[in-house]
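To start, the structure itself, in structure tokens.
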Amino acid sequence: MAHDDEHDPKTKRSHYPLDPNSYQILDEIGRGCSAIVYKALCTTTSTVVAIKSIDRSTTGDFDNIRREAKTMSLLSHPNVLKAHCSFTVGPRLWVVMPFMSAGSLQSIMASSFPNGISENCISIILKETLMGLCYLHDQGHLHRDIKAGNILMDSNGSIKLADFGVSASVYETSSRCLNLHEITGTPYWMAPEVIHSYNGYSYKADIWSFGITALELAHGRPPLSHLPFSESLVMKITRGMRFSEYQKEEEKGKKSKLSKYFKEMVGLCLEQDPCRWPTAAKLLKHYFFKNCKATRGGSLVMGSSDGSTQSNHAMSAPNILVIVIEM
Ligand SMILES: Nc1ncnc2c1ncn2[C@@H]1O[C@H](COP(=O)(O)OP(=O)(O)OP(=O)(O)O)[C@@H](O)[C@H]1O
């Protein structure tokens, strides 16, 4: 049974001290553009946590970062990574959050599934991600950087949407409209309308990135990733990105490993006309997600490279070779 941090009294936000001396840094997990993420032990709660340490001096828009921390601490959904607390430590902002021991889907694929993961697993991962996205949209937030690198998994298979580094709260914009005339996100996953930016960023541009993420999980990399960033942008703008053409190219001479329901679902996300992109709630009702159960209903069991299966805790991302769903 997947463990739900938000509903565990041991991990309630108020239990986490706003004092750096209460955290013992154990390891560096990774580095992003302006942050270092550490695995740490909270000595007062005896809980392992992740701490995102952001350097104020190297971040242009510190307000945006504070918004990230604020947004993360106010959220409460099993599929959205919540911050336990945040506070400043000298020139840095520390954001304390649950530690997701299996890492991101991108790092899991890089170490064990370079050509993508099975459709059965994809359907569960995407359904959980979409439930998190639905919640964010309902709360008036855009994510703006949906990709496998921002979908985190813990050792018992629960999935959380993370990294609000570029998210924006719709309710914090003065006009309360959905046109945020900024280009943010990671180019391969960005919707053409965001690149054009004449329409601004809407909820539905998250849906485009969600569709790109589905393809990333299926093939191990996002479409056009063989091109440099700038070329991939030009291609999207000048030629439009036709999902059917991309899929034909991917499957040239091979038997398709993807079902018609997967292709149909992704096709909806990557419609050329943004008006036709479904909302997250509508997409969740798609047949592709009908028969897959969320992990809290059962448990994600991860098979190791020696062929054995383990229910949880003992697995580390590099050992994950097959993921089977036990219902
Ligand atoms: N709560 C967490 N538990 C475990 N690993 C995490 C957690 N949060 C982030 N990570 C990992 O830490 C690394 C750095 O994350 P971070 O969000 O700073 O940067 P990024 O997403 O790689 O890049 P960017 O700067 O573009 O956001 C990533 O590999 C990420 O998967």
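First listed ligand is number 1; within each ligand, the first listed atom is number 1.
- Near A50, with a cut-off below 4.0 Å to any heavy atom, the atoms of ligand 1 are 1 (N), 2 (C), 3 (N).
- Residue contact check for ligand 1: N150 places a non-hydrogen atom closer than 4.0 Å to it.
- The backbone N or O of L75 sits less than 3.5 Å from a side-chain atom of K82, completing a donor-acceptor pair.
- Here Q106 has no heavy atoms under 4.0 Å from ligand 1, in either its backbone or its side chain.
- Residue-ligand proximity, M97 to ligand 1, at heavy-atom distances under 4.0 Å covers atoms 1 (N), 8 (N).
- At least one heavy atom of P98 lies less than 4.0 angstrom from ligand 1.
- Formation of a donor-acceptor pair under 3.5 Å by the H143 side chain with backbone atoms of A162 is found in this model.
- At least one side-chain heavy atom of L126 sits less than 4.5 Å from a side-chain heavy atom of M265.
- Remark: the backbone N or O of A148 is paired with a side-chain donor or acceptor of E216 at under 3.5 angstrom.
- Proximity of L81 to ligand 1, defined as any heavy-atom pair under 4.0 Å, is confined to the side chain (atoms from C-beta onward).
- Set against the non-hydrogen atoms of S104, the atoms of ligand 1 under 4.0 Å away are 31 (O).
- Here's the thing with K52: one of its N/O atoms is less than 3.5 angstrom from an N/O atom of ligand 1.
- Checking side-chain atoms of N79 against main-chain N and O of K160 turns up no donor-acceptor pair under 3.5 Å.
- Formation of a donor-acceptor pair under 3.5 Å by the S22 side chain with backbone atoms of T44 is not found in this model.
- Set against the non-hydrogen atoms of I29, the atoms of ligand 1 under 4.0 Å away are 4 (C), 5 (N), 11 (C), 12 (O).
- In terms of polar-atom proximity, defined here as any N/O pair under 3.5 Å, D163 does make such a contact with ligand 1.
- V266 has its side chain out of reach of F288: every pair of non-hydrogen atoms, C-beta onward, lies at least 4.5 Å apart.
- Judged purely by atom type and a 3.5 angstrom limit, S112 has no side-chain atom pairing as donor or acceptor with the backbone of M109.
- Contacts between M100 and ligand 1, counted as non-hydrogen atom pairs separated by less than 4.0 Å, involve both the backbone and the side chain.
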